[in-house]
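Please read the structure below before turning to the comments.
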Protein chains: 2
Amino acid sequence: MNIKEVATRAGLPAKTIRYYEEIGLIRPLRAANGYRAFRESDLHKLAFLGRARSLGFTIEECRALMALYEDQSRASADVKALAQSHLEQIAAKIEELKAMQATLSELVSACAGDHRPDCPILTGLASGKDCCA
Amino acid sequence: MNIKEVATRAGLPAKTIRYYEEIGLIRPLRAANGYRAFRESDLHKLAFLGRARSLGFTIEECRALMALYEDQSRASADVKALAQSHLEQIAAKIEELKAMQATLSELVSACAGDHRPDCPILTGLASGKDCCA
DNA sequence: TATGGGGCTTCCAGTCACGGGAAGGTCAAG
DNA sequence: CTTGACCTTCCCGTGACTGGAAGCCCCATA
């Protein structure tokens, strides 16, 4: 398989696949002409990586997940711990965003949004009143 | 005022303040010795920027907000539009994170988390079953 | 056989919003 | 006069790619 077919089937851009090779996440073979020659197993790994990335795992977490995936003697506890830690990151990020959302939507709803210059959003930002940390 | 005092009072790292000058968000004066000489108005702007940033506005949005703030003939509608657009971004990001959270927490709760290798998290990532887009 | 167009390769630069750290000038206190 | 805290600029690194240039490679068609 050449890179374009793998890209299509894995749902990842070719650029990303080259990048994943560069950082050692995959090691496709090479054809005589220098082209990357992907096996089914490479495709499988790339799909795995794509799904892990889309769940928000960082590249390094993906690397760890791959290592666990390929380690037949892994303990599921290790996988779970990694995933739970990531879940906490997600929850924290959601809370952070919700706080922004709460503050900002309050400011927005207080703003007339007309042709006049008076604007509680700007005065809120300027004064820090009712504003974030 | 020198940079450290401004940094303390604005709650921003000195590095960040220098960066903001570099990209033209502020224009502090210079003392004879080459040190930046901040006015109260610079401090005020920096505090404004810090609050806008902490609400998640990008640097370019902050630049636009500052411009509106300093434009006495602004229409509050313009400010509101900017803020609302940003609110939509926040809401979208929250939804995205919640989707990750839902998928991942399902996988996590299905995982025994013991010494055995069997792990629904890994098989989920490998198969794409019940997994994200 | 020439040529055209797509695909493949590498390498370099840019993104965003800074942070770290080096090399060196400046200032106030002891 | 020295010490140490401050200030300056400059350059590199971050994460996870993305875009683009320059240059092979391969196949089909005229």
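Each chain gets a letter, A, B and so on, in the order the sequences are listed, and its residues count up from 1. As the structure is a computational prediction, the values presented were derived from the model and not from experiment.
Here dC17(D) presents its P atom at 8 Å from CG of L12(A), a figure rounded to the nearest Å. Distance, E61(A) CD to dG15(D) P: 12 Å, rounded to whole Å.
Shown for residues 91-100 of chain A: no residue has heavy atoms falling under 4.0 angstrom of DNA chain C. For the contact set between residues 14-36 of chain A and DNA chain C, defined by any heavy atom under 4.0 Å, the members are K15(A), R18(A), R30(A), G34(A), Y35(A), R36(A).
Interface limits on DNA chain C: the 5'-most and 3'-most nucleotides within less than 4.0 Å of chain B heavy atoms are dA17(C) to dC27(C).
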query = Step by step, would you call S76(B) with D114(A) a side-chain hydrogen bond (donor to acceptor under 3.5 Å, both in side chains)?
reply = CA-CA 6 Å; S76(B) 66; D114(A) 56 20; 3.2 Å; yes
ask   = Step by step, would you call T58(B) with E61(B) a side chain to side chain contact (heavy atoms under 4.5 Å, CB included)?
value = CA-CA 5 Å; T58(B) 66; E61(B) 286 168 337; 3.4 Å; yes
task = Decide side chain to side chain contact (heavy atoms under 4.5 Å, CB included) for R36(A) and L29(A); before the verdict, give the C-alpha distance in whole Å, the side-chain angles of both, and the deciding distance to 0.1 Å.
result = CA-CA 6 Å; R36(A) 288 170 183 82; L29(A) 303 175; over 6 Å; no
key: CA sep, side-chain torsions, deciding dist, call: R39(A), H44(A), side chain to side chain contact (heavy atoms under 4.5 Å, CB included)   = CA-CA 9 Å; R39(A) 289 151 293 188; H44(A) 193 71; over 6 Å; no
query = Is there a side chain to side chain contact (heavy atoms under 4.5 Å, CB included) between M66(A) and R63(A) once you walk through the steps?
reply = CA-CA 5 Å; M66(A) 283 279 297; R63(A) 197 190 295 278; 5.7 Å; no
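A 4.5 Å side-chain heavy-atom check between L25(A) and Y19(A) finds every atom pair outside the cut-off. Within the 4.5 Å cutoff, no side-chain heavy atoms of Q72(A) are placed close to those of P117(B).
Annotation for A110(B) and P120(B): closest pair O-CG, 3.1 Å, computed over non-hydrogen atoms. Here the shortest heavy-atom pairing between K80(A) and V108(B) reads CE-O, 3.4 Å.
The side chain of P13(A) sits closest to dT18(D) out of dT18(D), dT8(D), dC17(D).
When the shell of 6.0 Å around CZ of R27(B) is examined, it contains 12 or fewer heavy atoms from other residues, nucleotides or ligands.
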